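These notes are about the structure you will find just below.
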Amino acid sequence: MSPAPVPEPKIETSPSPESFTEVALLRPKLSVVIPLFNESGSLGELHARLAAVLARVAIDSHEIVFVDDGSRDSTYSEAAALCERDPAVRAIRFARNFGKEAAMAAGLRAATGDVVVLMDGDLQHPPELIPEMLERWRQGAKMVTAVRRSRETDPWLRRQLSRGFYGLFKRVSEVALAEGGGDFRLFDRAVVRAINSLPERTRFMKGITSWVGFRQEEIAFEPAERAAGASAWSLLRLLRYAIDGLSAFSTLPLRVWSLVGIGMAALSSTYGAWLVIRTIIWGIDVPGYASVMVATLFLSGIQLISLGVLGEYVGRIFTEVKGRPLYLVAEQAGFPEEER
Ligand code: UDP
Ligand code: MG
């Protein structure tokens, strides 16, 4: 005789991950999330190629979520026009440019699929890779990252800097980043739920995806040239992004200053002792201007740097404490009525 079944505690209304996997193994619902910033030049081709790919994969249904990150061209009106023609298309328009991280966050929150693919809107991420990513997911991967085989489409300086960044990140932070892993990824619903539950405002998706864990796999791909328009990432913006990423996943920049301080203190006291001894043995000699200047300037330089680093972190604490929303939606189109 089997005991009466104990009712499962109900935490959320969506099905549990297990039943998701079972349903999904057969025919998942697939969402494609695409952040857009001034991408009107590639939107038409992007949609056509996506539709062609999605028509031949074994899925239950699909949706394409365009998030227009405050474009200044006709990106949103074109996306809204696509909503009219294709019932699977949804479009969200931000009130201004909130940045790609915010756009990705909004898209992941709006997506309803059992599987969510995140990709760029400039056709550098070929949609034709989606079937292979889906296959990996069917075999059990919870996250599939498309890693660029080469960075030939990037300028030389940018390639060097990004290699330096990945090297530094690996050494100082708590999570490891997939080198060359851009934001072309497939997520299982369980991962999307985990990412959506993170409240932080300074977001760094590459770090977040590796922080949440789950079974991750990589596949290689060759990025294409941008279909149209120009990259919105200047070197300065990339540098800011790198600092955001490092400070979000490492406190080493904060802690390293105590070590530097101890080192400097040891050095200066040795030097001080030497000065005292020298004065006792050889008497007072006036020329000392150079050493005093060097020590003063060097130490004040170090102090300014450490203050700056403190400032970076305090600034981020400030952003988090203000608790402002990550983005504001101005309008949206293509969503089922009840969600409005
Ligand atoms: N993007 C965005 N908001 C921004 C900048 C970029 O949503 O402020 C989008 C852009 O439309 C594209 C993706 O992020 O879909 C990648 O941008 P981009 O191609 O400029 O970056 P890169 O490929 O040079 O790293
Ligand atoms: Mg690009």
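All of these numbers come straight from a predicted model, not from anything done at the bench. Just so you know, ligand 1 is whichever comes first in the structure, and atom 1 is the first atom listed for that ligand.
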- Can you find an N/O atom of Gly121 closer than 3.5 Å to an N/O atom of ligand 1? yes
- Query: Any N or O on Gly99 sitting closer than 3.5 Å to an N or O of ligand 1?
  - Reply: no
- Below 4.0 angstrom from a heavy atom of Leu36, which ligand 1 atoms are there? Numbered from 1 as shown, please. 7 (O), 11 (O)
- Message: Show the atoms of ligand 1 that are less than 4.0 angstrom away from any heavy atom in Asp120.
- Response: 13 (C), 15 (O), 16 (C), 23 (O)
- Message: Quick check: do Asp69 and Leu36 have side-chain heavy atoms less than 4.5 Å from each other?
- Response: no
- Query: Do Arg185 and Val144 have side chains that get closer than 4.5 Å, going by heavy atoms?
  - Reply: no
For [atom], what's the nearest protein heavy atom and its distance?
{"atom": "atom 17 (O) of ligand 1", "value": "Trp233 NE1, 3.5 Å"}
{"atom": "atom 18 (P) of ligand 1", "value": "Arg226 NH1, 3.3 Å"}
{"atom": "atom 12 (C) of ligand 1", "value": "Glu39 OE2, 3.3 Å"}
{"atom": "atom 25 (O) of ligand 1", "value": "Arg158 NH2, 3.2 Å"}
{"atom": "atom 20 (O) of ligand 1", "value": "Ala232 N, 2.8 Å"}
{"atom": "atom 1 (N) of ligand 1", "value": "Phe37 CB, 3.6 Å"}
{"atom": "atom 23 (O) of ligand 1", "value": "Gln124 OE1, 2.7 Å"}
{"atom": "atom 3 (N) of ligand 1", "value": "Asp69 OD2, 2.6 Å"}

- Message: Using a 3.5 Å distance criterion without hydrogens, assess whether the side chain of Arg189 forms a donor-acceptor pair with backbone atoms of Gly113.
- Response: yes
- Query: What do we get for Asn97 next to ligand 1 when only non-hydrogen atoms under 4.0 Å count, side chain, backbone, both or neither?
  - Reply: side chain
- Would you kindly specify which portion of Arg237 sits under 4.0 Å from ligand 1, judged on non-hydrogen atoms: side chain, backbone, both or neither? side chain
- Item | Salt-bridge present (Asp183, Lys100; N to O < 4.0 Å) | yes
- Item | Salt bridge present between Arg316 and Glu320 (N-O < 4.0 angstrom) | no
- Applying a strict 4.0 Å limit to heavy atoms, is His125 in contact with ligand 1? no
Could you tell me the separation between the [atom1] atom of [X] and the [atom2] atom of [Y], rounded to the nearest 0.5 Å?
{"X": "Phe204", "Y": "Ile243", "atom1": "CZ", "atom2": "CD1", "result": "12.0 Å"}
{"X": "Ile34", "Y": "Met104", "atom1": "CD1", "atom2": "CE", "result": "13.0 Å"}
{"X": "Met133", "Y": "Phe221", "atom1": "CE", "atom2": "CZ", "result": "8.0 Å"}

- Is Arg237 atom CZ crowded by more than 12 heavy atoms from other residues, nucleotides or ligands, each under 6.0 Å away? yes
- Query: With under 30° as parallel and over 60° as perpendicular, where do the rings of Trp282 and Trp274 fit, or are they tilted in between?
  - Reply: perpendicular
- State whether Asp122 contributes an N/O/S atom found under 2.8 Å from the Mg ion (ligand 2). yes
